[in-house]
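Structure first, commentary second.
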Amino acid sequence: MQQSVREASGTAPRRLVVMRHAKAEHSASTDHARALADRGLGDAVAAGRWMRDHGIEPDAALVSDALRTQQTWTQVAAGAGWDEDVAV
């Protein structure tokens, strides 16, 4: 019988989560300045709750400095109950 990665190493396997920003407004003064739409704000909170409920918690988060990605991270972290300062 084969051992799982967790059993063989004694630690949980690593997990990489790649996310796209939530639903954003169609336009702004620049693409970089596009904010999340109301739907995107709620969807990002829901995504954070889903990750929390499934035991997904980041050690670090790499987040673009575009407004919509910063807002997405803030809402995901709020929904999950994480400290949003893990973003680097």
Side-chain angles (χ1 to χ4, degrees):
M1 179 175 206
Q2 292 183 353
Q3 288 183 315
S4 70
V5 172
R6 176 179 283 185
E7 292 169 337
S9 67
T11 61
R14 293 181 183 253
R15 179 181 301 168
L16 174 65
V17 176
V18 178
M19 292 183 65
R20 184 178 186 272
H21 62 79
K23 177 76 174 168
E25 296 175 341
H26 292 287
S27 63
S29 59
T30 67
D31 183 58
H32 201 76
R34 286 194 304 136
L36 289 184
D38 290 340
R39 177 181 149 200
L41 292 166
D43 287 350
V45 170
R49 287 186 192 129
W50 184 91
M51 291 199 296
R52 177 200 60 211
D53 293 347
H54 287 83
I56 300 169
E57 185 169 348
D59 293 320
L62 301 175
V63 182
S64 163
D65 64 352
L67 178 58
R68 64 191 176 275
T69 59
Q70 291 292 314
Q71 290 176 319
T72 297
W73 171 246
T74 298
Q75 295 301 106
V76 167
W82 301 328
D83 179 2
E84 66 182 85
D85 289 339
V86 300
V88 292

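Atoms considered below: every heavy atom in the structure, side chains included; atoms not considered: hydrogens, waters and symmetry mates.
- Leu67 belongs to no multi-residue hydrophobic cluster, having no ILVMFWY side-chain contact under 4.5 Å with any other such residue.
- Considering all non-hydrogen atoms of both residues, Trp82 and Ile56 come closest at CZ2-O, 2.9 Å.
- Counting only residues at least two apart or in different chains, salt bridge (Lys or Arg N to Asp or Glu O under 4.0 Å) contacts with residues 61-79 comprise Asp31-Arg68.
- Nearest heavy-atom pair across Met19 and Ala47 is CE-CB, 4.3 Å.
- Asp43 contributes atom CG, which lies 14.5 Å from atom CH2 of Trp50 (distance to the nearest 0.5 angstrom).
- Listed by first and then second residue, the ring-ring contact (aromatic ring centres under 6.0 Å, His included) pairs that reach into residues 14-44 come to none, sequence neighbours excluded.
- For Gly48 against Ala80, the heavy-atom pair with the smallest separation is O-CB, 3.2 Å.
- In this structure, the side chain of Ser64 does not engage the main chain of Thr69 through any donor-acceptor pair within 3.5 Å.
- Side-chain atoms of Arg34 never come within 3.5 Å of backbone atoms of Ala28 as a donor-acceptor pair (strictly under, hydrogens ignored).
- With sequence neighbours excluded, no residue forms a side chain to side chain donor-acceptor pair (under 3.5 Å) with Asp38.
- When hydrophobic clusters are built by joining Ile, Leu, Val, Met, Phe, Trp and Tyr residues whose side-chain heavy atoms come closer than 4.5 Å, directly or via intermediates, Val63 is not grouped with Leu36.
- Remark: Arg49 pairs with no residue by the side chain to side chain donor-acceptor pair (under 3.5 Å) rule, at least two apart or across chains.
- Ala78 pairs by the side-chain contact (heavy atoms from CB on, under 4.5 Å) definition with nothing, not counting sequence neighbours.
- Going from atom CD of Glu57 over to atom CG of Asp83 covers 10.0 Å, rounded to the nearest 0.5 Å.
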